[in-house]
Amino acid sequence: MTMNRRISLFLISCLFPVPFLAQKATAPMLTLSKSQSKINLGVKGGFNSSMFFTDEFRIGSETVRGLQNNYKVGYFGAFFLRFNLKQHHFIQPEFSYNVSKGSVSVQNNIENSSILPGEALIKNTITSVNIPLLYGYKFVDAAPYGMSFFIGPQVAWTWKEQTSHEFTGFYQQDILEQIHPFNYSTVIGLAVNVSNIFFDFRYEIGLHNLTKSVIYNQAQTESPYNEMDISLKYRRNVMSFSVGVMF
């Protein structure tokens with residue numbers, strides 16, 4: 001090998017291996033961080049529909065009959081962290097702001113004639129901060145598509161100042177319902193994703209009675225209805241749909 005050729009090879013080896021080595025070192029790292037991220041951050045927003053299941057509704061000693069649940073659309077926004085575990089498992093804590101609406105109507109029938117003047121209605125708007133802790137399993141994980149099942153407990157703190165209950169069609173005047181500040185439920189759902197865009201379908205099952213007490217203005221209520229206590233116990237289940245993005 002001549003001296004000129006040796007010098008040429010030396011110069012080529014000095015100039016060109018650097019970018020080639022950089023590409024080889026960088027490419028696997030990018031692939032690894034994308035496919036095996038330990039933590040993902042996500043945001044989402046959507047709509048909900050609340051269902052109030054009444055366990056007990058009494059005025060005085062009489063049970064109110066002919067209750068009908070009416071669905072109304074609410075909305076929510078949330079962000080979450082997903083901690084990816086091995087073999088398609090993950091843990092996902094969330095923090096969401098929720099406005100849920102619903103109503104319960106009371107039919108005008110003979111059974112209610114002694115305690116109600118006619119048809120009655122209870123309208124609810126509940127604003128809450130919900131914190132679920134979900135366990136999930138990805139049973140489809142073939143990029144860019146995925147599908148996962150999740151389940152877990154949820155605690156909700158009710159924002160009292162942004163929550164309202166409206167009672168109409170009752171003899172009792174200025175009825176005021178107070179609900180428990182903390183409510184607990186179980187969340188179960190399914191998520192479908194295309195790349196980093198996902199669609200979330202879930203159902204929240206209320207685990208206990210929402211109502212703490214029901215009072216009214218006895219001075220403004222005519223006799224004998226001003227001597228009747230109101231007892232109301234119902235649970236709230238919520239069905240929701242959301243669209244979000246995960247980073």
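Residue numbers start at 1 and run along the sequence shown.
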Exam field: side chain N84 to backbone S37, donor-acceptor pair closer than 3.5 Å:
yes
Find the distance between CG (N124) and CD (E166) and round it off to the nearest 0.5 Å.
10.0 Å
Atom CG in D200, atom CD in E94: separation rounded to 0.5 Å?
7.0 Å
Minimal heavy-atom distance between E56 and S231, with the atoms involved, is OE2-OG, 2.5 Å
Cluster link Y135 to I205, ILVMFWY, side chain under 4.5 Å:
yes
Shortest non-hydrogen contact from T211 toward L232
CB-O, 3.2 Å
Before you tell me yes or no, could you show the steps for Q154 and S185 under side-chain hydrogen bond (donor to acceptor under 3.5 Å, both in side chains), namely the whole-Å CA-CA distance, both residues' side-chain angles and the distance that decides it to 0.1 Å?
CA-CA 5 Å; Q154 175 178 267; S185 58; 3.2 Å; yes
For L41 and L81 the tightest heavy-atom approach is CD1-CD2, 3.8 Å
Answer yes or no: does atom NZ of K138 have more than 12 heavy-atom neighbours from other residues, nucleotides or ligands under 6.0 Å?
yes
Just how far is it from atom CD1 of I230 to atom CD1 of I115, taken to the nearest 0.5 Å?
9.5 Å
Using a 6.0 Å cut-off, check whether atom CG of D229 has over 12 heavy atoms from anything other than its own residue.
no
For the residue pair S96 and N98, what are the closest heavy atoms and their distance?
OG-ND2, 2.8 Å
Contacts table for residues 236-247: side-chain donor-acceptor under 3.5 angstrom, sequence neighbours left out:
{"from": "R236", "atom 1": "NH1", "to": "S100", "atom 2": "OG", "distance (Å)": "2.5"}
{"from": "N237", "atom 1": "OD1", "to": "G206", "atom 2": "N", "distance (Å)": "2.9"}
{"from": "N237", "atom 1": "ND2", "to": "Y203", "atom 2": "OH", "distance (Å)": "3.1"}

Could you give the distance from CD (Q107) to CG (L116), rounded to the nearest 0.5 Å?
11.5 Å
If hydrophobic clusters are built by linking Ile, Leu, Val, Met, Phe, Trp and Tyr wherever their side-chain heavy atoms come under 4.5 Å apart, do W157 and V99 end up in the same one?
yes
Report whether F150 and Y145 are members of the same hydrophobic cluster (ILVMFWY, side-chain heavy atoms less than 4.5 Å apart, transitive linking).
no
Answer yes or no: is there a donor N or O on one side and an acceptor on the other, between the side chain of N209 and the main chain of Y234, under 3.5 Å?
yes
For residues 65-72, run the donor-acceptor check on the side chains, cut-off 3.5 Å, and write out each pair with its distance to 0.1 Å, sequence neighbours left out.
{"from": "N69", "atom 1": "OD1", "to": "F52", "atom 2": "N", "distance (Å)": "3.2"}
{"from": "N70", "atom 1": "ND2", "to": "S103", "atom 2": "OG", "distance (Å)": "3.2"}
{"from": "N70", "atom 1": "ND2", "to": "S105", "atom 2": "OG", "distance (Å)": "3.4"}

Centres of the F198 and F80 rings: under 6.0 Å?
yes
Same cluster (ILVMFWY, side-chain, under 4.5 Å), I59 and Y225
yes
For the atom pair CD1 (I39) and CZ (R82), what is the distance rounded to the nearest 0.5 Å?
13.0 Å
Using the ring pair (Phe, Tyr, Trp, His ring centres under 6.0 Å) definition, which of the options F149, Y137, F139 pairs with H89?
Y137
Minimum heavy-atom distance between T127 and Q162, given as atom pair plus value:
OG1-O, 2.8 Å
Should the pair H180 and H208 be assigned to parallel (<30°), tilted (30 to 60°) or perpendicular (>60°) ring geometry?
perpendicular
Can you check whether N130 reaches E204 side chain to side chain, under 4.5 Å on heavy atoms?
yes
Return the CZ to NZ distance between F57 and K233, rounded to the nearest 0.5 Å.
13.5 Å
Side-chain contact test, heavy atoms from C-beta onward, threshold under 4.5 Å: evaluate it for L176 versus Y216 and give yes or no.
no
Report yes or no: does Q178 contribute a side-chain atom to a donor-acceptor pair with the main-chain N or O of S213 at less than 3.5 Å?
no
For G45, is there any backbone N or O sitting under 3.5 Å from a side-chain donor or acceptor partner on Y75?
no
Is a side-chain donor or acceptor of Q173 paired with a backbone partner of Y171 at a separation under 3.5 angstrom?
yes
Near K101 NZ, under 6.0 Å, is it more than 12 heavy atoms from other residues, nucleotides or ligands?
no
Just by modelled atom types, is the N112 backbone N or O under 3.5 Å from a matching donor or acceptor in the E62 side chain?
no
Heavy-atom closest pair (S148 atom, L190 atom, distance to 0.1 Å) is O-CD1, 3.2 Å
Would a hydrophobic clustering, with Ile, Leu, Val, Met, Phe, Trp and Tyr connected at side-chain separations under 4.5 Å, put W159 with I179?
no
